[in-house]
Each structure stands twice: as C-alpha cells, then as structure tokens.
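Only heavy atoms go into these numbers, but all of them, side chains included; no hydrogens, no water, no symmetry mates. Reminder, nothing fancy here: chain letters follow the sequence lines and each chain counts from 1.
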2 protein chains.
Amino acid sequence: MDISHTEENYLKAIFKISERDGKPASTNAISTEMETTAASVTDMVKRLSDKTLIHYERYRGVTLTGQGEQIATHLIRKHRLWEVFLVDKLHFSWDEVHEIAEQLEHIKSQSLVERLDEYLGFPKFDPHGDPIPDSNGNFAVRKQILLSELKPGERGEVVGVQDHTTAFLQYLDRMELALGTQVEVLEYFEYDESMRVLANNGREQVLSKKVCQNLFIQKH
Amino acid sequence: MDISHTEENYLKAIFKISERDGKPASTNAISTEMETTAASVTDMVKRLSDKTLIHYERYRGVTLTGQGEQIATHLIRKHRLWEVFLVDKLHFSWDEVHEIAEQLEHIKSQSLVERLDEYLGFPKFDPHGDPIPDSNGNFAVRKQILLSELKPGERGEVVGVQDHTTAFLQYLDRMELALGTQVEVLEYFEYDESMRVLANNGREQVLSKKVCQNLFIQKH
DNA sequence: AAATAATTTTAAGCCAACCTAAAATAGTAT
DNA sequence: ATACTATTTTAGGTTGGCTTAAAATTATTT
Ligand SMILES: [Mn+2]
Ligand SMILES: [Mn+2]
Ligand SMILES: [Mn+2]
Ligand SMILES: [Mn+2]
C-alpha cells in the first residue's frame with residue numbers, strides 16, 4: 001500500500017495529539033494541528049480508516065492502529081535524524097531545522113535512514129533534546145523535569161525544550177542556555193514565580209516563569 | 001508562485017528532451033519521458049504555460065522560458081549534489097542513488113543546497129560524471145568523447161557514462177572501470193566493433209561496441 | 001492531390017485533497 | 001427535560017493530476 005505525503009502528516013498529527021492528550025484525537029484537534037477544516041479531517045479520516053491505519057468511530061475520535069503508529073514513529077525517527085544531520089553536519093542552528101526536516105521526513109528509502117543513522121553515530125536525541133525512536137519505534141526514556149520544578153539548591157542539566165518556537169530557541173542561545181548547560185537554582189521568587197539560576201559558565205541570571213516551565217532538566 | 005512536485009518533474013523532462021534533441025519538446029516525447037499519456041501532457045503543458053514557465057504553441061511543442069529553465073537547472077543541481085552526498089558520505093554505490101535523489105531534489109530550501117554544496121567541497125561532477133550546475137545554472141563543460149571514438153594507441157581517462165542503467169553501472173564495477181580509470185586502446189576489431197583495452201590496473205580486456213559507445217573518455 | 005498514418009488536442013470523467021454551508025449529533029446549562 | 005452551544009458529519013463544489021475515447025491537425029506515402 002502506498003501512503004501520500006498528506007496522509008503521513010495526518011498520521012503524525014494523530015500520534016502527537018493522542019500522546020499529548022492521552023485519549024483519542026478529536027476531529028477538531030486534528031484540524032487545528034493540520035491547519036485545515038473539520039470537514040477535510042472527516043474526509044481524510046475515512047480514507048485512513050479504509051486503509052486500516054487508524055480506528056475511527058463517528059463522533060468518537062481517532063486512534064492509530066499498529067500499522068499507523070509504526071508509520072508515525074518512523075516519520076518522527078526520520079524527522080529527528082535529519083535535524084541532527086542539519087545541525088551536526090551542515091551547521092544549521094537549532095531554530096532553523098524544523099521546516100526543512102518536515103520535508104526530509106517524507107523521503108522514502110529504508111537504507112537511507114539506516115545509513116544516515118550510522119553516519120550520525122546513532123544519536124539518541126535530536127538537537128532539541130527530543131528522543132529519536134529506534135527502527136522498531138521505541139523511544140529512549142529519560143527522567144526529566146521542568147526547571148520550574150527544581151527547588152533552590154538543586155542542580156541539573158538542560159536536556160530539552162518544551163516550547164520549540166524560534167523565539168524561545170533564540171532566547172536560549174542569547175542567554176547561553178544550550179542543551180548540556182549545567183544549572184543550579186539559587187533562589188525562587190514567589191512574587192512572579194521567577195528563579196535566579198547559576199549556569200556552568202558562571203553566569204547568574206533571573207529566568208521568568210515562562211522560561212522555567214519550558215526547559216527540561218535532568219536532575220543530579 | 002509555487003510549483004508542485006509534478007510540475008517540477010515536467011520542467012526537468014522538458015529540459016532534458018530539448019537538450020537531447022536540440023529542438024522543442026513534443027507532447028509525445030514528454031509523455032514518454034514522464035511515463036504518462038499525451039492527453040495528460042497537453043493538460044499540464046497548458047498550466048505550465050499559464051504560469052509562464054514554458055512557451056507553448058498548439059501542435060508546435062514546448063520550450064522552457066528563462067524562469068522555467070532556471071527551475072530545471074536548479075533541480076538538476078540539487079539532484080546531483082544529493083547523489084554526491086549519498087555516495088561520498090553515506091557510501092551508497094553509484095547505481096543505488098538515482099531513485100533517492102529523485103526525491104531529494106524536490107526539497108525546498110535555498111540555504112540547504114548552498115550548505116550541502118559547501119559540505120561536499122563544491123563538487124563539479126556527480127558520481128556518474130555528469131556536471132553539477134552552479135547556482136546560476138551554468139554547467140562546467142569538458143571536452144569528452146566516447147571510448148568508441150578512440151583509435152588504437154590513444155589513451156584517456158574514464159570520466160562519465162552515457163547509459164545510467166543499473167545493469168551498465170554494475171557491469172563497470174565488475175570490470176573495474178570506475179570513473180578515473182586510465183585506459184589505452186590496444187586494438188580495434190572491425191568484425192564486431194569491439195576493442196581490446198588496457199586499464200591502469202594492468203588489466204587487459206575486450207570491450208563490446210555497446211560498452212565503448214557508452215563510456216565517456218577525456219583524451220590525453 | 002488524395003489517402004493513410006502518426007501526433008496532438010478536446011471531451012468527459014475519476015480520485016485525492018481541499019473548501020463552505022447546512023444538517024446532525026453530543027455536551028452543557030438552565 | 002429542554003434549550004442552547006460546540007463539535008462533527010454530510011452535501012455540494014473546486015482544483016490538480018490523471019485516464020480513455022473521439023476529433024482535429026500534421027506528416028508521410030502513394
Ligand atoms: Mn522538528
Ligand atoms: Mn526536534
Ligand atoms: Mn540521477
Ligand atoms: Mn547522476
């Protein structure tokens with residue numbers, strides 16, 4: 001069976017939504033994610049259901065079948081591997097790669113993915129700290145918490161971001177808070193839920209609530 | 001204006017045909033190249049004409065406009081750069097890369113192409129010896145002739161292939177006639193137009209007319 | 001020049017992916 | 001339970017890219 005570019009994007013959207021919400025993806029949620037109308041989604045969802053890529057019941061939402069999930073995770077694998085390529089080999093910055101990877105993830109060639117993976121040294125995480133599933137669709141798990149959950153005196157390492165917007169990524173560059181940065185919470189301000197943080201570079205700065213709630217930390 | 005994957009492939013086909021035949025591409029020639037029907041071609045050709053990517057007159061065939069040619073050569077540039085990437089970096093063999101490059105050539109990102117070019121060391125020729133146009137669409141020219149045009153006693157270097165089929169490429173691998181091989185014609189057999197050839201590796205062998213007519217040589 | 005053959009275009013229609021507007025269903029508030 | 005709101009589906013239509021069959025044009029043969 002062969003699956004279109006568009007169908008692939010729907011499967012990825014459904015995967016993302018069900019993972020985030022922990023329940024079947026609603027027509028509306030999918031239409032928001034895909035930036036299209038609910039009517040278009042209903043249309044597509046019927047086709048995907050005919051191809052047994054999803055389970056669909058009218059008014060009940062959508063979940064992926066094993067087959068659908070396999071395709072979705074494989075897309076994510078390709079997306080993230082290409083992002084690593086773009087950053088590590090072509091020296092793009094982490095805020096420039098998502099758009100390009102959105103295109104590259106649709107390239108169909110089993111051997112290409114496997115060779116790329118090898119070429120990149122079998123990375124387990126992408127430039128944003130997101131886990132790269134293996135060829136069976138298994139994601140590495142890592143016990144991570146938000147910076148906002150750290151108490152004064154606790155330390156850890158910046159390992160990922162929740163917010164993937166260009167604005168946030170560029171802000172982090174500016175503040176020298178790249179992945180791998182060691183941080184220690186020095187002080188918590190109840191007033192606006194901001195924190196004074198010490199980074200490994202000796203830099204001390206106050207980070208807003210919003211920033212703290214979008215940075216994943218591995219405690220140590 | 002934005003151009004679909006399919007439209008891009010038509011432009012590339014038209015470029016290839018007009019270059020090969022030295023005259024406007026006929027509907028039939030395009031339909032053969034695109035593996036579709038003449039009716040579909042007429043249909044598409046109207047659309048491309050509306051977009052001023054081609055000049056089209058009913059029954060008179062098709063030529064590219066400046067704009068159309070620019071897109072076509074840029075596609076060829078991307079195709080060939082990706083082929084270099086696949087061979088040089090991912091260690092694919094030269095008979096495996098065309099299909100994958102057919103997909104990769106459609107990735108849209110100006111900076112990606114330029115960075116890839118730089119990463120590969122600004123190659124001027126692809127793994128099959130075909131010239132890689134620069135970003136203005138200019139192809140390097142090289143005075144090359146077919147092996148079949150060489151006279152006994154003459155020497156040269158294998159620099160390209162006319163036939164790009166897997167069968168031929170694998171045959172060349174088997175015979176150790178990769179690009180860069182130095183060859184000298186020892187003897188010409190009028191009977192079947194074959195040649196006895198000495199390769200730089202000391203290997204001496206008789207090559208058929210068909211082989212000799214599909215190998216590009218740079219004389220010296 | 002007329003007849004025949006090849007090429008190209010037109011006509012009509014299919015499918016994927018989208019849209020808007022209206023109808024149906026489900027969820028929430030009174 | 002009824003009324004109102006939000007969500008979802010259906011109906012009907014568009015566009016790109018494709019198909020087959022028939023008509024028109026051009027090229028070749030006699
Ligand atoms: Mn991404
Ligand atoms: Mn990422
Ligand atoms: Mn190729
Ligand atoms: Mn090539």
Side-chain angles (χ1 to χ4, degrees), chain A residues 1-14 17-18 20-64 68 71-72 75 102-103 105-106 108, chain B residues 1-14 17-18 20-64 68 71-72 75 102-103 105-106 108:
Chain A
M1 188 198 336
D2 99 355
I3 291 151
S4 75
H5 197 274
T6 311
E7 288 171 326
E8 288 189 339
N9 284 332
Y10 271 92
L11 293 175
K12 207 165 52 112
I14 293 162
I17 293 163
S18 349
R20 185 193 57 203
D21 302 350
K23 59 179 181 188
S26 71
T27 299
N28 249 11
I30 299 170
S31 76
T32 302
E33 182 67 27
M34 293 293 297
E35 298 182 349
T36 185
T37 61
S40 299
V41 172
T42 302
D43 210 44
M44 174 59 89
V45 136
K46 283 175 189 162
R47 269 190 304 259
L48 292 174
S49 182
D50 289 345
K51 293 193 178 184
T52 69
L53 297 171
I54 60 173
H55 298 293
Y56 167 56
E57 271 184 282
R58 271 165 40 269
Y59 294 102
R60 285 282 125 75
V62 160
T63 56
L64 295 175
I71 293 168
L75 280 165
E102 283 292 307
Q103 299 177 62
E105 71 188 6
H106 297 288
K108 283 175 180 65
Chain B
M1 189 200 333
D2 96 359
I3 290 150
S4 75
H5 197 274
T6 311
E7 289 170 326
E8 288 189 339
N9 284 332
Y10 271 92
L11 294 175
K12 206 164 51 113
I14 293 162
I17 293 163
S18 355
R20 186 193 58 202
D21 302 349
K23 59 178 182 188
S26 70
T27 300
N28 249 12
I30 300 171
S31 76
T32 301
E33 182 66 28
M34 294 293 298
E35 298 183 345
T36 183
T37 62
S40 300
V41 172
T42 302
D43 208 45
M44 174 59 87
V45 137
K46 283 177 188 161
R47 257 171 290 145
L48 291 174
S49 183
D50 290 345
K51 292 193 179 185
T52 70
L53 297 171
I54 60 173
H55 298 294
Y56 167 58
E57 270 184 280
R58 269 160 48 269
Y59 295 102
R60 286 281 125 77
V62 160
T63 56
L64 295 176
I71 293 167
L75 281 166
E102 283 291 308
Q103 299 177 62
E105 71 188 6
H106 298 289
K108 283 174 180 65

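- One atom, CD of A:Glu8, and another, C1' of C:dA17, lie 15 Å apart when rounded to the nearest Å.
- Taking the salt bridge (charged side-chain N to carboxylate O under 4.0 Å, His left out) definition, one finds that B:Lys46 meets it with nothing, sequence neighbours left out.
- For the pair B:Leu53/B:Arg47, no side-chain contact is recorded, criterion being any heavy-atom separation below 4.5 Å from C-beta on.
- Side-chain N/O atoms of B:Tyr56 include one lying less than 4.0 angstrom from OP1 or OP2 on C:dT9.
- Look at B:Asn28 and you'll find a side-chain N or O under 4.0 angstrom from OP1 or OP2 of C:dT8.
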Practice prompt. Start with the C-alpha distance between A:Thr63 and A:Glu57, add both sets of side-chain angles, then the distance that settles side-chain contact (heavy atoms from CB on, under 4.5 Å), and finish with yes or no.
Written response: CA-CA 10 Å; A:Thr63 56; A:Glu57 271 184 282; over 6 Å; no
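- Within residues 41-54 of chain B, the residues that place at least one heavy atom under 4.0 Å from DNA chain D are, in residue-number order, B:Asp43, B:Met44, B:Arg47.
- To the nearest 0.5 Å, atom OG1 of residue B:Thr27 and atom CZ of residue B:Arg58 are 11.5 Å apart.
- B:Ser4 has no side-chain polar atom (N or O) that falls below the 4.0 Å cut-off from OP1 or OP2 of D:dG16.
- Each of C:dA24, C:dT8, C:dT20 was ranked by its minimum atom distance to the side chain of A:Ala39; first place goes to C:dT20.
- Between A:Thr37 and C:dT20 there is no side-chain polar atom (N or O) within less than 4.0 angstrom of OP1 or OP2.
- The shortest distance between the side-chain N/O atoms of B:Thr6 and the OP1/OP2 oxygens of D:dG16 is not below 4.0 Å.
- Formation of a donor-acceptor pair under 3.5 Å by the B:Lys51 side chain with backbone atoms of B:Asp2 is found in this model.
- Between the CD1 atom of B:Ile3 and the C1' atom of D:dT15 there is a distance of 17 Å, given to the nearest Å.
- Rounded to whole Å, the distance from OH on B:Tyr59 to C1' on D:dA27 is 13 Å.
- Counting only distance, with no hydrogens or angles, the side chain of A:Ser49 and the backbone of A:Val45 share no donor-acceptor pair below 3.5 Å.
- Applying the 4.0 Å criterion to OP1 and OP2 of C:dT10, one finds that B:Arg58 has a side-chain N or O inside that range.
- Atoms CD (A:Glu57) and C1' (D:dT7) sit 17 Å apart, rounded to a whole Å.
- Contact check, B:Ser40 against D:dT19: a side-chain N or O comes under 4.0 Å of OP1 or OP2.
- Shortest non-hydrogen contact noted between B:Ser31 and B:Ala38 is CB-N, 3.8 Å.
- Proximity of A:Tyr10 to the phosphate of C:dC18: a side-chain N or O atom is located under 4.0 Å from OP1 or OP2.
- As rounded to whole Å, 14 Å separates atom C1' of C:dC18 from atom CD of A:Glu35.
- When the nearest nucleotides of DNA chain C are assigned to A:His5 and A:Arg60 by heavy-atom distance, the more 5′-ward of the two goes with A:His5.
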